[in-house]
Amino acid sequence: MNKQYTEEAPYHPGYEDASFKSEVSKTISELSELRRVNARYLKFSDAIVEFCKASHSLDKK
């Protein structure tokens, strides 16, 4: 049925990928998830560094 619609659909320049705007490829989805997880780990490591800095500055006083 999709083939029938494709054959009947008129061509509109600039709308080649209009039907894919709401769809996300599996690769992009996985990459987004990895970036989210990586950001979480980086945030946690920043908290550890700040804690160590604060502990170190308290030890010097």
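For the single chain, residues carry numbers from 1 onward in sequence order. This one's a predicted model, so the numbers in the text were calculated from it and none came from an experiment.
Note: Ser45 OG to Ile48 CD1 = 6.5 Å, rounded to the nearest 0.5 Å.
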- Message: Applying side chain to side chain contact (heavy atoms under 4.5 Å, CB included) to Ile28 and Ser25, what does each step give before you reach the verdict?
- Response: CA-CA 5 Å; Ile28 297 299; Ser25 73; 3.1 Å; yes

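The main-chain N or O of Phe51 is found under 3.5 Å from a side-chain atom of Ser55 such that the two form a donor-acceptor pair.
Residues Leu34 and Asn38 have side chains not in contact (no heavy-atom distance under 4.5 Å, counting atoms from C-beta outward).
Applying the side chain to side chain contact (heavy atoms under 4.5 Å, CB included) test to Val37 and every residue at least two apart in sequence or in another chain returns Glu33, Tyr41.
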